[in-house]
Amino acid sequence: MVTFRSLGTVEIRLPAGGLAASLTQPKRLAVLLYLGLAEPPGPKSRERLMALLWPDADSKSARHSLRNALYGLRRTLGEAVLVARGEGYIGIDPGAIQLDALELRRLLADGRWEEAVAGWTGDLAPGLHVDGAPEFEQWLENQRTALRRAVNEAAWRRVDELEQSGGASLAPAARRAWELDPANEAGARRLIRILDLTVGRAAAMRAYEDLVAWLHRELEADPSVETRALARELEARTDVGGPVPSPSPTPSTKPTAGGVPVPPVVGSTWNRGTKRIAIAAGLLIAAVLSLFALRYAGTMQPRSAPDSATTQSVGGLPLPMRYRQDTASYGSYLRALELRLHGHNLASRDSFAALAARMPSYGPAYAGLAHAYLVNVVARLTPAAEGYPLTDAAAHRALALDSTLASAYVALGMVEIMWRWNLPQARALIDRALALDPNDPEVHMLRANWFRWSGEGDSSLAEARKTHELDPLDRGHSNLVARLLFLTRRYPESEAAYRETIRNYPASAVAYGELSDLYRATGRPAKALEILRAGARANGDSARAAALPPATSDSQAARVFADLAGREVREVEEAGRAGRSIDPRAAAFAYARLRDADHTLRWLNTMVLEHHPQIPVVLFHPLFDFLRDDPRYKMWEAQLPWRARAPR
């Protein structure tokens, strides 16, 4: 078999083991590379090859040049490598030539991250340049970029796997991931934190120094404010070498104080996707983040806590009088909350971070910052692998300053559930928060979430009802009750609850969308379509309403929904081809609406890899009922990391 090495070098070895030294003409190499890698796979049109590599030649000259190139390839590599399909098409026989870039693609497609990273030896066909063929040059550059980006992502996915399994090679894998893309400071900060936790502070500081040296050498630049702050945090700590264990606070242990967590800078590999995917992410935020919906003091119902005369509550952040006496800090705190309330998540995070930096002893600033990081992870504004450790650090810092901040335990509980998948530890943190404030609706919201991850739908619903009783004015709590009624198949009660929410909050986009899902699940697509139109009109989105044509029958509405699902899938696929980040939850739901089992299962696996907060919804949602008997789905569900550890 002929071996074609194209990654990091260009080298062709013949079956006998010798090098194909005579194959040096760029256009012959270009033909071979294009036939091997151009998509879709299979034979390529001779006309296409001529237009790609000899665009300025007339038809006769281009055909003659292509014929000469193919003749040269056959003479050097043997007749078996190139296969003709009629007179108009030419391809390669994959059984006669092994192309390393093609094998790398297979490893990436199979999710074999470690092997893919090991197989990466450099850019595709470095130094190959074909004069007078700009379209081929652009194609080659696109291939180089796509492979480089995919390998970078695979390297960090391997780090994710090792973090979850506790693999001993975590630190080297993180180092390799950063070395593949050293300009990615977000990745560098993650490496520094991993080294600090697993090897020790000295190793973490050496990694920081390596980053500084690379930036100075290659970009003549300094590290970002965020990276410098992380280095100062490490330098200021009093420990001397050795790995630092990951803190797990319990009622009997008090976390040690750390430095000020700072907002992350999202690297170029973290793209927020298409407009539709962003809309889906917005609905996801509304569905999950009422848990973090910090509100102004005074909007809560009166509490029976013994310090109610001296404590003002802000959505699960009890603020004793001592925190309100510093009016400047308290005012900054409330402004950060106001930004959150209006959906300015990044600005809210930055405001909490600024308050924490200015007033490092003000505990609520760190508790608010911990929740801000969580919000941005769920909103896909910050990668989970960076946002959850930042949440953890901020919450521990808050508790080091004030061990009675129930909201900090709530944030830590969410990290344990959604990042570490450690449900027993999460339950201990929830119980601690509940003991501190038994009437905090946010704690009961977290308990509802915990029960849902544990697969206990009825218990989750009971906690959601308790949340709504404690704070009936929050439409997020109303939606949660309606949603859990839907997921536990109590459709008439769920419909009534959504209808009540819509009456009370006519512009609740989430209620309209989820009520539409309910109607579709119960075989009423015409009503589902009409409620979507009503929601668009209620929210002033006339363009969206116009794009949803009225239907006079269920069959007509079903066709409309099929068209919408097909459009969503095309947008997901287009985003993938363009290298944009895709919300795997949105993709899984889109393919499930088309009952495409293969692609749905693929995106369910991606949800697990990305620690997606909506994984438990799949376990209950009727949209996925068509998969329940599929052995692959049963295996996926059985292998969810937390299920074997969850209390029964």
Side-chain angles (χ1 to χ4, degrees), residues 2-12 14 19-94 96-106 108 121-151 570 573-580:
V2 174
T3 302
F4 185 2
R5 286 186 57 197
S6 61
L7 298 174
T9 187
V10 176
E11 179 183 281
I12 299 177
L14 302 175
L19 289 173
S22 61
L23 194 58
T24 57
Q25 292 185 18
K27 290 195 176 181
R28 293 183 183 180
L29 288 172
V31 168
L32 192 61
L33 198 65
Y34 188 79
L35 291 177
L37 292 181
E39 294 181 317
K44 303 297 181 290
S45 161
R46 291 174 183 261
E47 295 293 335
R48 173 61 180 152
L49 289 168
M50 289 188 292
L52 189 70
L53 293 167
W54 294 275
D56 297 328
D58 58 57
S59 178
K60 182 178 179 180
S61 298
R63 193 172 302 277
H64 176 75
S65 298
L66 176 60
R67 189 181 302 113
N68 283 343
L70 295 175
Y71 172 77
L73 289 171
R74 286 193 175 99
R75 187 179 61 180
T76 303
L77 306 179
E79 292 290 334
V81 170
L82 298 180
V83 179
R85 292 291 184 268
E87 295 184 358
Y89 289 84
I90 190 74
I92 63 171
D93 181 355
I97 185 169
Q98 183 181 44
L99 179 55
D100 57 351
L102 199 57
E103 178 61 21
L104 177 64
R105 278 188 185 169
R106 294 192 188 101
L108 292 167
T121 53
D123 275 336
L124 177 67
L128 177 60
H129 173 69
V130 180
D131 288 329
E135 189 177 350
F136 173 82
E137 291 280 302
Q138 184 61 55
W139 173 84
L140 180 58
E141 186 57 35
N142 290 343
Q143 296 298 309
R144 287 169 176 155
T145 301
L147 278 174
R148 189 186 312 120
R149 184 188 296 118
V151 171
R570 288 192 296 274
E573 293 173 347
E574 180 183 343
R577 286 192 295 271
R580 296 191 294 269

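Computed over heavy atoms, backbone and side chain alike; hydrogens, waters and symmetry mates excluded.
Here the closest heavy-atom approach between residue Ala69 and residue Val31 is recorded as CB-CG2, 4.5 Å. Smallest separation of non-hydrogen atoms from Ala101 and Leu124: CB-CD1, 3.9 Å. For the residue pair Leu33 and Ala125, the shortest heavy atom distance occurs at CD2-CB, 3.9 Å. Residues Leu140 and Leu128 approach most closely at CD2-O, 3.8 Å, considering heavy atoms. Scanning all heavy atoms of the two residues, the minimum distance from Glu137 to Val130 falls at OE2-N, 2.8 Å.
Contacts of Arg46 classified as side-chain hydrogen bond (donor to acceptor under 3.5 Å, both in side chains), with partners at least two apart in sequence or in another chain: none. Checked against side-chain hydrogen bond (donor to acceptor under 3.5 Å, both in side chains), Asn142 has the following partners two or more places apart in sequence or in another chain: Gln138. Legend: residues meeting ring pair (Phe, Tyr, Trp, His ring centres under 6.0 Å) with Trp139, ordered by chain and number and at least two apart, are Tyr34, Phe136. In this view, Glu11 and Arg5, Arg13 satisfy the salt bridge (Lys or Arg N to Asp or Glu O under 4.0 Å) rule, not counting sequence neighbours. By the side-chain hydrogen bond (donor to acceptor under 3.5 Å, both in side chains) test, Arg85 pairs with no residue at all, sequence neighbours left out. Taking Asp123 as the reference, Arg148 meet the salt bridge (Lys or Arg N to Asp or Glu O under 4.0 Å) condition, with sequence neighbours excluded.
Within 6.0 Å of NE2 in His64 there are 12 or fewer heavy atoms belonging to other residues, nucleotides or ligands.
Within the 4.5 Å cutoff, the side chain of Leu66 has no heavy atoms near those of the Ile90 side chain.
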| task | Walk me through it: do Thr9 and Thr121 pass the test side-chain contact (heavy atoms from CB on, under 4.5 Å)? | result | CA-CA 8 Å; Thr9 187; Thr121 53; over 6 Å; no
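Within the model, atoms CD of Gln25 and OG1 of Thr76 stand 9.0 Å from one another, a figure rounded to the nearest 0.5 Å. The line from OG1 of Thr3 to CG of Asp100 is 9.5 Å long, rounded to the nearest 0.5 Å. Rounded to the nearest 0.5 Å, atoms CD1 (Ile12) and CD (Gln98) are 13.0 Å apart. Between atom CZ of residue Arg48 and atom CD of residue Glu135 there is a gap of 4.0 Å, rounded to the nearest 0.5 Å. Distance check: Leu147 CG to Leu37 CG gives 7.5 Å after rounding to the nearest 0.5 Å. Interatomic distance, Leu14 CG to Leu77 CG, rounded to the nearest 0.5 Å: 6.5 Å.
No donor-acceptor pair under 3.5 Å is formed between the side chain of Arg28 and the backbone N or O of Leu73. A donor-acceptor pair is defined here as one N or O able to donate and one able to accept, closer than 3.5 Å; such a pair exists between the side chain of Lys27 and the backbone of Leu53. With Glu79 contributing its side chain and Arg74 its backbone, the two residues share no donor-acceptor pair below 3.5 Å.
Ion pairing between a basic and an acidic side chain is recognised when a charged N comes within 4.0 Å of a carboxylate O; Glu103 and Arg106 show such pairing.
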